[in-house]
Amino acid sequence: MSRPMNRRQDNHKISRELFVITYGALVAQLCKDYEKDEDVNKYLDRMGYDIGIRLVEDFLARSAVRKCRSYSETVDVIAQVAFKMYLGVTPSVSCSNTTENEFFLILDKNPLVDFVEELPAGRCSLCYCNLLCGVIRGALEMVHLAAEVTFVQDRLKGDDVTEIGIIFSKKVEDKKHKRKK
Ligand code: MYR
């Protein structure tokens, strides 16, 4: 008989697997519904955005993370706390050499593609995990940070790594965060 702690871990694993399988079914259905990859990508991003604007509350409450003082701190929180909390992985973070508002999350392991070998036939422009970009964009917007979030590399497209690029829009950072420290 498994101990309570192990049982909780098992349950998390099952929920995550169920989520990953359900996500695969969603992408497959969208590929049936939309002919163009760009439309599927847009749909996934929009859906992720709607999730992100709601998820952030849960995240802030459960993580007790405080207001970040820099873009780089925010990206570290996303990688080390949020990804760990929701996907069980910790991407590594790098930043652009040329601009101070551009960062990259490098995913060695991407649980969303655990059961996916390759992109569906004829779907070479599909950003299979684009939901994640929308989630990050939506969550950031709720803490008054506007950002462009896109996949810049994708193992499913033959790249060596999977990499999400986050470009913060400089203007909005000047706005005061509403959340108290
Ligand atoms: C702050 O400065 O107010 C804290 C900033 C926290 C940003 C939280 C963003 C959460 C992104 C969730 C992504 C989940 C991906 C699986």
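Counting starts at 1 for both ligands and their atoms, following the listed order. In this text, all values refer to a predicted model and were calculated from it rather than measured experimentally.
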For [X], the ligand 1 atoms whose distance to one of its heavy atoms is below 4.0 Å:
| X | result |
| --- | --- |
| Val143 | 3 (O) |
| Ala139 | 9 (C), 10 (C), 11 (C) |
| Phe59 | 8 (C) |

Can you list every side-chain hydrogen bond (donor to acceptor under 3.5 Å, both in side chains) pair that touches residues 47-59, not counting sequence neighbours?
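Output for this query lists Tyr49-Glu141, Asp58-Arg62, Asp58-Tyr86.
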Where on Cys68 is there a heavy atom closer than 4.0 Å to ligand 1, on the side chain, on the backbone, on both, or on neither?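 It is both parts that get close, each with some atom under 4.0 Å.
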N/O to N/O below 3.5 Å, does that happen between Ile78 and ligand 1?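 Not met; the criterion fails.
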Original post:
Where does the angle between the aromatic ring planes of Tyr34 and Tyr43 fall among parallel (under 30°), tilted (30 to 60°) and perpendicular (over 60°)?
Top reply: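 Tyr34 vs Tyr43 ring planes: tilted.
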* Asked: Salt bridge or not for Asp114 and Arg16, using N-O below 4.0 Å?
  ->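 Salt bridge absent between Asp114 and Arg16.
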(request) Please determine if Arg137 and Asp45 form a salt bridge, counting it only when a charged side-chain N lies under 4.0 Å from a carboxylate O. (result)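 A salt bridge is present here (some side-chain N lies under 4.0 Å from a carboxylate O).
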Under the salt bridge (Lys or Arg N to Asp or Glu O under 4.0 Å) test, residues paired with Asp39 that sit two or more places apart: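 Asp39 satisfies salt bridge (Lys or Arg N to Asp or Glu O under 4.0 Å) with no other residue.
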